[in-house]
Number of protein chains: 2
Amino acid sequence: MTGRTVRAERAGVTRERILAAAEQLFAEHGVLAVSNRQVSEAAGQGNNAAVGYHFGTKTHLVRAIARKHAEPIERIRERMVAELGDSADVRDWVACMVRPVTEHLADLGSPTWYARFVAQVMTDPALRAIMDDETRSSASLRHTVEGFNRCLPELPAEVRAERGDMARQLIVHTCADRERALAEGAPTPRATWHDAATGLIDALVGMWLAPVTREP
Amino acid sequence: MTGRTVRAERAGVTRERILAAAEQLFAEHGVLAVSNRQVSEAAGQGNNAAVGYHFGTKTHLVRAIARKHAEPIERIRERMVAELGDSADVRDWVACMVRPVTEHLADLGSPTWYARFVAQVMTDPALRAIMDDETRSSASLRHTVEGFNRCLPELPAEVRAERGDMARQLIVHTCADRERALAEGAPTPRATWHDAATGLIDALVGMWLAPVTREP
């Protein structure tokens with residue numbers, strides 16, 4: 001190997017270490033409560049400026065963590081969407097929203113921090129925009145939302161927006177709660193990520209199909 | 001007034017100022033990201049140890065903020081529960097979970113920080129226990145959950161637990177999102193807290209009544 005290749009490989013290893021350390025710290029303490037210096041230290045970097053050198057600002061670091069997970073989630077959702085036929089119903093599309101996330105979490109093995117990381121990021125208005133960008137850039141999710149919307153054409157626009165926000169909150173925080181319970185060895189209502197997704201899909205389908213009260 | 005009364009009144013004013021400053025800072029930045037010193041400064045206290053003097057630890061401060069809101073919410077829920085007859089259905093009981101919170105937020109006028117404060121507290125495992133304590137100490141909420149459970153006797157225990165967690169997450173984060181949008185002048189799906197509660201109740205009733213998928 002050339003000297004340049006060795007240096008590039010070392011940088012790659014360092015970047016992965018920083019991403020893993022940052023994800024864990026952000027998940028457990030919140031993004032704002034953790035400094036780049038703490039991340040560098042937790043990643044075993046003698047140089048406390050390692051985060052700045054490898055990622056730039058904390059916003060860039062958060063985006064890099066989000067993107068690392070977005071890719072495998074996207075691949076799972078592409079496969080699921082491709083398997084759906086023309087008769088796909090509300091439940092099929094809701095499954096395409098939920099299962100790529102839970103399947104990815106199951107694939108990571110235990111413990112994971114990603115679900116709590118997302119919950120922390122979503123609670124911060126400035127950082128949430130990063131997740132929104134990542135969400136918008138997912139072709140498979142756009143496809144899913146379009147297919148879903150075709151199944152419920154009569155839903156009023158404001159209720160669609162409202163329930164869309166609720167669905168996102170439910171997926172994010174239900175996964176974060178389950179991940180935290182697993183990490184702490186606390187009891188969970190369901191044995192596996194697959195079964196937890198089934199419970200979440202049941203609830204979301206019920207929510208989306210609920211009658212809309214019209215008040216005077 | 002005696003000197004003692006004047007001192008007690010002044011301490012009461014200082015406590016209220018600290019509670020208000022802490023609630024706002026915690027809501028906007030997260031509880032762990034804000035120091036007691038920053039709270040003291042934002043409350044206009046020359047003495048940076050004012051939080052410690054008046055409240056003790058940060059945990060005590062968080063509990064005091066939670067309790068300040070728990071009382072008016074409890075009064076609204078007591079009234080709502082008292083108005084329900086023997087024929088109360090799932091929707092009536094779900095309304096007793098949601099409307100006391102949204103009515104309290106509407107009563108506070110704009111801007112409010114309480115909903116975002118709760119969302120931040122709920123994202124932290126150690127602090128969440130404080131909210132759980134407050135929730136458990138509410139007689140009207142216990143009454144509501146009992147009445148609700150009587151309406152859905154056939155729901156499997158693990159699904160009841162799972163949907164209870166989901167309902168709580170939905171109420172907390174939907175209120176926090178709406179409060180943030182109002183504070184930022186961003187558009188909201190519904191015009192008023194009352195209408196937002198109606199949308200939330202529709203969604204929660206749909207979620208609770210959703211069929212349960214039994215997997216082999």
Side-chain angles (χ1 to χ4, degrees), chain A residues 28-34 91 116 119-120 122-125 128 156-174 176-178 180-181 183-184 186-192 194-196 198-215, chain B residues 27-34 91 116 119-120 122-125 128 156-170 172-174 176-178 180-181 183-184 186-192 194-196 198-215:
Chain A
E28 291 179 337
H29 305 290
V31 178
L32 291 176
V34 176
R91 188 178 181 89
R116 286 168 286 171
Q120 294 280 8
M122 292 284 288
T123 307
D124 183 285
R128 179 189 287 204
E158 76 277 14
V159 178
R160 190 185 299 279
E162 175 179 80
R163 292 187 183 173
D165 291 342
M166 290 180 192
R168 192 169 185 199
Q169 296 283 13
L170 259 194
I171 295 170
V172 166
H173 292 285
T174 302
D177 276 0
R178 181 177 161 78
R180 183 180 301 117
E184 292 171 353
T188 53
R190 304 275 186 157
T192 64
H194 182 87
D195 292 352
T198 302
L200 192 46
I201 293 165
D202 283 352
L204 287 168
V205 170
M207 186 193 84
W208 279 108
L209 298 180
V212 176
T213 303
R214 284 270 163 230
E215 287 188 300
Chain B
E28 291 179 337
H29 306 290
V31 178
L32 292 177
V34 175
R91 187 177 183 89
R116 286 168 286 172
Q120 294 279 8
M122 292 284 288
T123 308
D124 183 284
R128 180 189 286 207
E158 77 277 14
V159 177
R160 191 185 299 279
E162 175 178 80
R163 294 187 183 173
D165 291 342
M166 290 181 192
R168 193 169 184 199
Q169 295 283 13
L170 259 194
V172 166
H173 292 286
T174 301
D177 276 0
R178 179 178 162 78
R180 184 180 300 118
E184 293 171 351
T188 54
R190 303 275 187 157
T192 64
H194 181 87
D195 292 353
T198 302
L200 192 47
I201 292 165
D202 282 352
L204 287 168
V205 170
M207 185 194 84
W208 279 108
L209 297 180
V212 175
T213 303
R214 283 269 161 231
E215 288 186 302

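Just so it is clear, the structure is predicted and the values come from calculations on it, not from any experiment. Below, chain A is the first sequence line, B the second, and so on; all start at residue 1.
Within the 4.5 Å cutoff, no side-chain heavy atoms of E158(A) are placed close to those of V212(A).
Note that the CE atom of M207(A) and the CZ atom of R163(B) stand 12.5 Å from one another [nearest 0.5 Å]. We find the CH2-CZ distance between W208(B) and R91(B) to be 15.5 Å, quoted to the nearest 0.5 Å. For the atom pair CD (E162(A)) and CZ (R178(B)), the distance works out to 9.5 Å, reported to the nearest 0.5 Å.
Across T213(A), V172(A), L204(A), D124(A), the residue that shares the most heavy-atom pairs under 4.5 angstrom with chain B is T213(A). Chain B forms the most heavy-atom pairs under 4.5 Å with one residue out of G30(A), G199(A), P187(A), and that residue is G199(A). Chain A forms the most heavy-atom pairs under 4.5 Å with one residue out of V34(B), D202(B), T188(B), and that residue is D202(B). Taking chain B as the reference chain and counting heavy-atom pairs below 4.5 Å, the highest number among E184(A), M166(A), R160(A) is found for M166(A). Heavy-atom pairs under 4.5 Å with chain B peak, among A119(A), A157(A), A210(A), A203(A), at A203(A). Each of V205(B), T123(B), L32(B), I201(B) has some count of heavy-atom pairs under 4.5 Å with chain A, and the biggest count is that of T123(B).
Only the side chain of Q169(B) has a heavy atom closer than 4.5 Å to any heavy atom of chain A. Residue L200(A) touches chain B through both its backbone and its side chain, counting heavy-atom pairs closer than 4.5 Å. Neither the backbone nor the side chain of R168(A) has a heavy atom closer than 4.5 Å to any heavy atom of chain B. Proximity to chain B (any heavy atom under 4.5 Å) is restricted, for R128(A), to the side chain, taken from C-beta onward. Only the side chain of R190(A) comes within contact range of chain B, judged by heavy atoms closer than 4.5 Å. Contact annotation for T174(A): only side-chain heavy atoms (C-beta onward) come within less than 4.5 Å of a heavy atom of chain B. Contact of L209(B) with chain A is not made at all, since no heavy-atom distance falls under 4.5 Å.
For A183(A), the side-chain contact (heavy atoms from CB on, under 4.5 Å) partners are R116(A), not counting sequence neighbours. Partners of T192(A) by side-chain contact (heavy atoms from CB on, under 4.5 Å), not counting sequence neighbours, listed by chain and number: H194(A), D195(A).
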